[in-house]
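So that the names make sense, note that chain A is the first sequence line, chain B the second, and so on, each numbered from 1.
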There are 2 protein chains.
Amino acid sequence: MELTAAEENYLKVIYKLSDGGKTSISTNDLAAAMSMKPASASDMIKRLAEKKLLDYRKYYGAELSELGKKQAIEVIRRNKLWMVFLADRLKFSWDEIDQVADELEHTRSGLLLSRLEEFLGYPKVDPHGEPIPDVSGAIQTRPRIPLLALPIGQSAQIVSVKDSSPAFLKYLDKIGAYIGAQVKLLDKVEFDGSIELLVDQKRTVFMSSSIAANLLVMP
Amino acid sequence: MELTAAEENYLKVIYKLSDGGKTSISTNDLAAAMSMKPASASDMIKRLAEKKLLDYRKYYGAELSELGKKQAIEVIRRNKLWMVFLADRLKFSWDEIDQVADELEHTRSGLLLSRLEEFLGYPKVDPHGEPIPDVSGAIQTRPRIPLLALPIGQSAQIVSVKDSSPAFLKYLDKIGAYIGAQVKLLDKVEFDGSIELLVDQKRTVFMSSSIAANLLVMP
DNA sequence: ACAAACGATTAGTCAAGGCTAAAAATTAAT
DNA sequence: ATTAATTTTTAGCCTTGACTAATCGTTTGT
Ligand SMILES: [Mn+2]
Ligand SMILES: [Mn+2]
Ligand SMILES: [Mn+2]
Ligand SMILES: [Mn+2]
């Protein structure tokens, strides 16, 4: 079953919007996430339904089928492996990666993918700290909590960022809060939820709650 | 001027068929080289002419314009850099490379290309020994002659292969005649043009003239 | 309960890029 | 010089995947 690049793009976004294909998504949400018009999304939903990639009841939203889920995960796997290549080997910064990986992810060649994975040393997470699905489609999730949920005085490792905007990533860079950095929550301000953080045992940083809310850590 | 993948594929093939864009090519030849129907090639030629990528007189063939030549060389450059990546880093064998590189070559990102080139160490030749155009489009050709034209007793380095068929490449592998290998022409049989060759100062090989005709060497 | 608002689908259009079949132009053979 | 063969172009059709405008269904506010 050969999917086109457009179909793969839709599947990937549907998967992400619907929390791993578990919940139903609306036409307008899909269109917005794809930066397209609702009519186009509606069209594509109908076609994906015909190909049995999702279950669809008119006017009531779409949900990925098992097959659709499998295909979406495959695309995500390709995307993340290319992300690792771009970040680790080609020294792309976080904010430059996504667009290029969105193109490379559609190169269809089983050999390419397995060789790339081997070349990269079988990475387990992408540059944002998200787990990479393995060859069978299994996604190994690690226990992680929002930085804000960490008890005062406890240390943890930054494992993931929820926002990918250049501004946000640039800020993280500035304070040294990269993926894998060790942090310790020194204090929480009750009033506005802002926090005081020790980064890599070196630097103390004050951070607003809206920033902290986008960081996930592993205690 | 954004070119589609289809347009880039045609330009690349036109360039190669027409000896660097210098001579005019026919619709049928182009169609055959693209594995498409003459009607489709005719269609595309018309569109490329409208975009000033080639000069075209109905019924009399097409020739690349300076602009078209420049674009074609750019595609070839991307193609060859990916080839080097696939061969050197992902350990693809010669016969597995071409199809995948034909897909990767269309990924459009100036940053990607320059970083990839840097990562690969600014290679000068592709895995077949063909020179890689530099960033300005210049192609540095090296003096090279057919193996058959080498005088008896003279040594030379294999720099390029003219055939890319799996069977041929497999044979070269077997006798150790990779790109860069040092060879010495020991003897020529007048009758059938076959030759006796010393490969890498180690092995003596007998080779038919049809094989030898596909090897280019640098004395 | 019904109208208005909102969300989703359909109808119709377009461009790219393939195809087949038919027509036209060129080239080769008698 | 005609005719025949070959090459090239055109005409018409198809699919994908976008769009706008119009319509249809559902949900909400009064
Ligand atoms: Mn994509
Ligand atoms: Mn290509
Ligand atoms: Mn067309
Ligand atoms: Mn459609």
Peer 1: So which one's nearest nucleotide on DNA chain C is more toward 5', B:Lys51 or B:Ala39?
Peer 2: B:Lys51

Peer 1: OP1, OP2 of C:dA16 versus side-chain N and O of B:Tyr10: anything below 4.0 Å?
Peer 2: no

Peer 1: Between A:Arg77 and A:Asp134, does any NZ, NE, NH1 or NH2 come within less than 4.0 Å of an OD or OE carboxylate oxygen?
Peer 2: no

Peer 1: B:Asn28 side chain N/O closer than 4.0 Å to the phosphate oxygens (OP1, OP2) of D:dT8?
Peer 2: yes

Peer 1: What is the distance from CG of A:Leu3 to C1' of D:dT16, rounded to the nearest Å?
Peer 2: 14 Å

Peer 1: What's the spacing between A:Arg78 CZ and A:Ile132 CD1 if we round to 0.5 Å?
Peer 2: 14.0 Å

Peer 1: DNA chain D: A:Lys58 or B:Thr27, which has the more 5' nearest nucleotide?
Peer 2: B:Thr27

Peer 1: Can you classify the ring geometry of B:Phe85 versus A:Phe85 as parallel (below 30°), tilted (30 to 60°) or perpendicular (above 60°)?
Peer 2: tilted

Peer 1: Could you state the atom-to-atom distance from CD1 of A:Ile25 to C1' of C:dA8 in whole Å?
Peer 2: 13 Å

Peer 1: Just the rounded figure in Å: distance from P of C:dG17 to CG of B:Leu11.
Peer 2: 11 Å

Peer 1: Is any side-chain nitrogen or oxygen of A:Arg47 closer than 4.0 Å to OP1 or OP2 of D:dT16?
Peer 2: no

Peer 1: Please tell me if B:Ser42 has a side-chain N or O lying less than 4.0 Å from either OP1 or OP2 of D:dT10.
Peer 2: no

Peer 1: Output yes when at least one side-chain N/O atom of B:Ser26 is less than 4.0 Å from OP1 or OP2 of D:dT7, else no.
Peer 2: no

Peer 1: Nearest of D:dT8, D:dC19, C:dA8 to any side-chain atom of A:Lys37?
Peer 2: D:dC19

Peer 1: Taking the minimum atom-to-atom distance to the side chain of B:Met36, which one of C:dG17, C:dT9, C:dG18 wins?
Peer 2: C:dG18

Peer 1: If you compare every side-chain N and O of A:Tyr60 against the phosphate oxygens of D:dT26 (OP1, OP2), does one of them come in below 4.0 Å?
Peer 2: yes

Peer 1: Output the rounded distance in Å from CE (A:Met34) to P (D:dC19).
Peer 2: 10 Å

Peer 1: Is it the case that the side chains of A:Ser160 and A:Glu130 hold a donor-acceptor pair, with the cut-off being a distance below 3.5 Å and no angle test?
Peer 2: yes

Peer 1: When you measure from the centre of the six-membered ring of B:Tyr10, is the NZ or CZ of B:Arg47 closer than 6.0 Å and no more than 45° off the axis?
Peer 2: no

Peer 1: Rounded to the nearest angstrom, tell me the gap between atom CG in A:Asp43 and atom C1' in C:dA8.
Peer 2: 12 Å

Peer 1: Provide, to the nearest angstrom, the distance between the CD atom belonging to A:Glu7 and the P atom belonging to D:dT16.
Peer 2: 8 Å

Peer 1: What integer distance in Å separates A:Asn9:CG from D:dG17:C1'?
Peer 2: 12 Å

Peer 1: Which nucleotide in the list C:dG18, D:dC19, C:dA8 gets nearest to the side chain of B:Ala6?
Peer 2: C:dG18

Peer 1: Does a donor on one side chain sit under 3.5 Å from an acceptor on the other, for B:Glu117 and B:Ser114?
Peer 2: no

Peer 1: Rounding to a whole Å, what distance do you find between A:Ile45:CD1 and C:dT9:C1'?
Peer 2: 10 Å

Peer 1: Which nucleotide sits closest to the side chain of B:Ser40: C:dC19, D:dT16, D:dT8?
Peer 2: C:dC19

Peer 1: Taking the minimum atom-to-atom distance to the side chain of A:Thr4, which one of D:dT16, C:dC19, D:dT9 wins?
Peer 2: D:dT16

Peer 1: Should A:Tyr59 be listed as having a side-chain N or O under 4.0 Å from OP1 or OP2 of D:dC24?
Peer 2: no

Peer 1: If you compare every side-chain N and O of B:Lys46 against the phosphate oxygens of D:dT10 (OP1, OP2), does one of them come in below 4.0 Å?
Peer 2: yes

